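Keep in mind that this is a model prediction, so the values were computed, not measured.
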Amino acid sequence: MRANKGWVAYQTTALRMRQRLELHGFTAARAYNDVREKAEEYAKDPRRLRTPVVEGRERFETYMKDIESAIEALLHDAGAPLRRLHPLDLGERYISRNNNRSYLRFVLDQISDDTLVSLYVSNYIVHRLAKSSGSIVQEARSEQLARLPADAPLIVLTEGPTDSRLLSAAMEITHPHLVEFVNFIDFTTHRAEGSVSTLAKTVATFAAAGVANRFLAIADNDTAAHSALIKVKSDKTLPNTCRVLHYPYLDLLTRYPTLGPYGQGVVLADVNGRAGSLELYLGRDVLTIDGNLAPIQWQHYDSKLGRYHGALSDHDKKRVQKAFEEKIKSARMSGGAPSGDWTGIEAIMNTIITAFMSVHD
């Protein structure tokens with residue numbers, strides 16, 4: 001929150017606000033479709049005011065250009081309040097009132113990532129919170145969670161407690177502005193069992209129970225996980241509030257040291273989809289042991305998929321996890337400024353953020 005010259009505002013960047021809306025299912029495609037629908041509905045409404053701005057401009061493409069022009073004019077006058085967007089008066093209030101978050105996402109998509117976006121709350125404080133010591137954000141969040149499933153945090157299901165714990169800690173470093181919008185299942189508190197087969201069962205249970213929250217099951221990018229999730233990923237009865245994904249493709253894993261089954265020596269191989277456990281996404285720095293990347297050991301052969309499954313040795317896996325926990329501690333001590341390789345974590349977080357982009361495409 002910022003205070004200056006008598007006004008108080010919450011402020012963030014357009015990118016961060018778009019990411020928050022993305023996690024609530026308000027994708028660019030959904031916003032475009034929602035606003036287009038309302039614009040066409042407005043154009044057909046006989047009760048609307050006929051103005052020179054509206055006459056002859058009922059096509060949505062023209063409406064978009066008007067919005068872009070208005071935003072461009074506003075950005076050239078940084079001190080202008082939001083009400084200066086008068087060129088949007090061809091139904092802007094009508095459309096935003098009917099679906100304000102889609103409209104907000106639509107407008108945010110017209111501006112650059114680093115543009116500052118402010119919500120002025122001075123009047124809100126005076127009229128509503130004059131006798132309250134509570135946080136405006138906390139109050140608004142409590143009201144939202146009590147209303148609609150769309151306002152509830154995204155539930156992320158993983159293969160086990162280690163993945164949930166490390167990903168939750170990593171998000172605090174790389175995407176702290178999204179922490180309250182994502183809930184990683186806490187296996188320790190809820191005594192939940194962890195494995196890829198249990199993950200598949202949990203997805204089926206959530207779907208059958210009609211869980212209102214959107215939920216994402218994200219598994220290792222290895223042979224065992226791909227094999228175990230074939231059935232659930234092909235289940236056409238899963239609701240639109242569910243996604244079943246794997247950790248994403250990673251360049252680091254295209255030429256990664258492996259041991260066997262080809263021979264006794266180290267062989268560079270593409271382990272994407274075959275040995276991509278979470279540990280391989282924690283950074284080249286923590287994967288490097290005694291000057292070399294910890295190798296993958298090829299294990300059993302999956303006849304269904306026609307490929308081997310691989311993994312780090314238990315000893316190396318524990319060393320990598322411990323090194324990553326130290327990297328997390330170091331980032332926290334430095335005020336949340338991460339150092340080292342976070343490429344894999346960033347890729348996973350992007351997978352989580354964009355998991356529902358295709359819902360309204």
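For the atom pair CZ of Arg105 and CZ of Phe26, the computed distance is 10.5 Å after rounding to the nearest 0.5 Å. Note that CZ of Arg319 is 11.0 Å distant from OG1 of Thr288, once rounded to the nearest 0.5 Å. Rounded to the nearest 0.5 Å, atoms CG (Leu104) and CZ (Arg20) are 11.5 Å apart.
Side chains of Leu154 and Asn213 form no contact here, defined as non-hydrogen atoms less than 4.5 Å apart. Contact of the Pro248 side chain with the Tyr281 side chain is registered, since non-hydrogen atoms from C-beta on lie closer than 4.5 Å. Side-chain contact check for Thr223 versus Tyr308: every heavy-atom pair is 4.5 Å or farther apart.
Side-chain polar atoms of Asp220 and His226 form no donor-acceptor pair below 3.5 angstrom. Side-chain polar atoms of Thr158 and Asp163 form no donor-acceptor pair below 3.5 angstrom.
Note: His300 and His309 have parallel aromatic rings, judged against thresholds of 30 and 60 degrees for the angle between ring planes.
For the residue pair Asp316 and Pro295, the shortest heavy atom distance occurs at OD2-CD, 3.9 Å. Nearest heavy atom pair, residue Leu312 against residue Ala294, reads CD2-O, 3.5 Å.
No single ILVMFWY cluster, assembled from side-chain heavy atoms under 4.5 Å apart, contains both Ile353 and Tyr249.
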